[in-house]
Amino acid sequence: MRQQTFGQQLIRTKPVGSSKEGEERNSSGLHRSLGLFSLTMIGVGATIGTGIFFTMVEAVPKAGPSVILSFLLAALTAGLTALCYAELSSRIPASGSSYSYAYATVGEFAAYIVAACLLLEYGLAASATAVGWSAYLNNFLSNAVGWQIPEMLRSPMIVAGAKGVEIHSGQINLPPIILVIVCGFLLLRGTKESATVNAVMVMIKLVILSFFAFIAFSGFNPEHFTPFFNQDNSKGLAGMAGVTAAAGTVFFSFIGLDTVATAGEEVKNPKRNVPLAILSALVIVTVFYMLVAVAALGAQPASMFEGQEAGLSVILQNVTGKAWPALILSAGAVISVFSVTLVTIYGQTRILYAISKDGLISPSFQKVSVRTQTPVSNTIIVCMIVGVVAGLVDATFLWDMVSMGTLVAFMVVSVAVPVMRRKGIGADSDGFRVPFGPYLLPGLSVLACLYIVKDLPPTTYWVFCIWMTVAVAIYFLYGMRHSRLHTGEQSEK
């Protein structure tokens, strides 16, 4: 075979493998055990909860009552990208989600960049949600038994202070570490078992959020929506600037759409079920986000959200004057965030599995247990890293970084659609097609992502650039030499 030039190596693509609907286990060893309902619940489980239970505290101070528009803007952007995901997943049924889609369309280097974004996205999302879980667990214990977790055991060591980063030695946030350990144990038992537990927790969380909306609307005050936009411009967030800044904060909560696509190699009939699960999850998520956001803002003035721990529980306690509604909500939040953390760790392990299969990182990440058909060492390594970050770092540092990774990955997915159409990849497939051609909606998706990215904090850009620099260095030092495609070329010479 003719030696490829450096440029050709960067844009070489991975052939799209077939996926037979009837086979129970694919050639990789992963078991096809997920149906449409379980897959949809994975998407909902990775999405509903985090954006409502936690980020209202971060987003409302930026946008005020117009945070409702922030959720709509994020949902619209995610919806445009969801259509792109749906078409790609129907033609490229593989694990790894946007990484695999990029590898099959725009080339190896772009796929590796996407992989770096996904690792940042999933790893920090799991850590951030685990950190938030600690606050609701503490609220639940306080209302249930009158006992709180000692401050030094539920406070991170690295925090965002008034003058920047502060190190508080002698502190650790222990509950998130315990949560990550339990999630790891479930994932090691097998995908089907984990999906079943997740589905049960998702149904519970939907009931709990419906309960919150019902109680909160009893204290609804339309005056809380006036003025609708943020009027304080001391931080440059007045008007629509606050809306887009808040949209950037909440956008990471739509990570569930990508999580659905990571399960491509473990889904029954992926060409049908993955697109349907993505679109179904988006509809469910958007409805519940808007319902809870309107109810919360109607029950409490926007000025009260900043710095509020276990915010939704506090709202119910203030509306009713009783502790039992807050107790129920806190219990629901504990269950909800458990499911979010579970599926984000799951998504992280499956992305690493896909990258390892392609030879771009160590082969240890693709070793699958014969008994459980799960990547054991992969899962253990991910849980160790997520647990350490969750136990030591303040969640304030994590939310916007997750959104940055998500938005970049979504943009590449959108670009992949017209490239795939032009190259004729999966042209014989009768699956979903993005309406109005391959350019209009994918183009709007990219523009919407850029519109949100522009208002993320400068610190987020710096950290993202450092992460990308490290990732690119690893690719050139290891990935290019060990790529499965590259190895195959050398062996044929």
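Owing to the predicted nature of the structure, the values given are computational and were not obtained by experimental measurement.
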Practice task
Report the C-alpha distance between Ser445 and Thr81 in whole Å, list the side-chain angles of each, state the deciding distance to 0.1 Å, and finish with yes or no for side-chain hydrogen bond (donor to acceptor under 3.5 Å, both in side chains).
Solution key: CA-CA 6 Å; Ser445 176; Thr81 311; 2.8 Å; yes

Exercise for the section: Check the pair Met203, Met41 against side chain to side chain contact (heavy atoms under 4.5 Å, CB included), reporting the backbone distance first and the verdict last. Expected result: CA-CA 8 Å; Met203 299 307 295; Met41 290 300 99; 4.0 Å; yes

Practice task
Would you please test Val453 and Tyr461 for side chain to side chain contact (heavy atoms under 4.5 Å, CB included) and show each step?
Solution key: CA-CA 10 Å; Val453 163; Tyr461 282 93; 3.1 Å; yes

Practice task
Just do the side chain to side chain contact (heavy atoms under 4.5 Å, CB included) check on Thr105 and Thr13 with the steps written out, would you?
Solution key: CA-CA 6 Å; Thr105 55; Thr13 57; 6.0 Å; no

Exercise for the section: Tell me, with the steps shown, if Phe71 and Tyr289 meet ring pair (Phe, Tyr, Trp, His ring centres under 6.0 Å). Expected result: CA-CA 7 Å; Phe71 277 107; Tyr289 273 5; 5.4 Å; yes

Exercise for the section: Determine, step by step, whether Tyr122 and Val386 satisfy the side chain to side chain contact (heavy atoms under 4.5 Å, CB included) criterion, reporting the C-alpha distance in whole Å, the side-chain angles of both residues, the deciding distance to 0.1 Å, and the verdict. Expected result: CA-CA 9 Å; Tyr122 280 91; Val386 169; over 6 Å; no

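With no hydrogens or angles considered, a side-chain donor-acceptor pair links Thr341 and Thr129 at under 3.5 Å. One side chain, Asn173 or Ser134, offers a donor N or O that lies under 3.5 Å from an acceptor on the other.
Figure legend: cation-pi geometry between Lys454 and Tyr451, with NZ or CZ positioned under 6.0 Å from the six-membered ring centre and within 45° of its axis.
With values rounded to the nearest 0.5 angstrom, Leu444 atom CG is found 5.0 Å from Leu440 atom CG. With values rounded to the nearest 0.5 angstrom, Leu209 atom CG is found 12.0 Å from Ile204 atom CD1. Atom CG of Leu120 is separated from atom CH2 of Trp467 by 6.5 Å, given to the nearest 0.5 angstrom. Interatomic distance, CG of Leu360 versus OG of Ser356, reported as 9.0 Å (0.5 Å rounding). Thr379 OG1 to Ile345 CD1: the interatomic distance, rounded to the nearest 0.5 Å, is 9.0 Å. Taken from NZ in Lys357 to CG in Leu352, the straight-line distance is 14.0 Å, to the nearest 0.5 Å.
Scanning all heavy atoms of the two residues, the minimum distance from Ala104 to Ile425 falls at O-CD1, 3.0 Å. In plain terms, the two heavy atoms of Glu108 and Tyr103 that are nearest each other are OE1-OH, 2.6 Å. Of all heavy-atom pairs between Gln348 and Val382, the closest is CG-CG1, 3.5 Å. Between Cys117 and Val408, the shortest heavy-atom distance links the atoms SG-CG1, 3.4 Å. Annotation for Thr286 and Ala75: closest pair OG1-CB, 3.7 Å, computed over non-hydrogen atoms. When every heavy atom of Pro435 is checked against every heavy atom of Leu83, the shortest pair comes out as CD-CD1, 4.5 Å.
Within 6.0 Å of NZ in Lys423 there are more than 12 heavy atoms belonging to other residues, nucleotides or ligands. Atom CZ of Phe436 is surrounded by 12 or fewer heavy atoms from other residues, nucleotides or ligands within 6.0 Å.
Side-chain contact between Leu407 and Cys449 is present, with at least one heavy-atom pair separated by less than 4.5 Å. Put simply, the side chain of Glu87 reaches to within 4.5 Å of the side chain of Arg421, judged on heavy atoms. In this structure the side chain of Lys62 never reaches within 4.5 angstrom of the side chain of Asn230, judged on heavy atoms. Side-chain atoms of Val44 and Phe288, non-hydrogen and from C-beta on, never get closer than 4.5 Å to each other. Counting heavy atoms from C-beta on, the side chains of Ile284 and Thr40 come closer than 4.5 Å. Ile278 has its side chain out of reach of Leu282: every pair of non-hydrogen atoms, C-beta onward, lies at least 4.5 Å apart. Considering only heavy atoms from C-beta on, Ile381 comes within 4.5 Å of Ile385 through its side chain. Looking at Val368 and Thr374, their side chains never come closer than 4.5 Å, going by heavy atoms from C-beta outward.
Panel note: side chain Ser403, backbone Gly248; a donor-acceptor pair is recorded below 3.5 Å. In terms of modelled atom types and a separation under 3.5 Å, the side chain of Thr77 and the main chain of Leu73 share a donor-acceptor contact.
Of the listed residues (Ile452, Val67, Leu69), just one forms a side-chain contact (heavy atoms from CB on, under 4.5 Å) with Val243, and that residue is Leu69.
If you look at Tyr353 and Phe365, their ring centroids are not closer than 6.0 Å.
Between Tyr85 and Phe410, the ring planes are perpendicular. Angles over 60° get that label, and only those under 30° would be called parallel.
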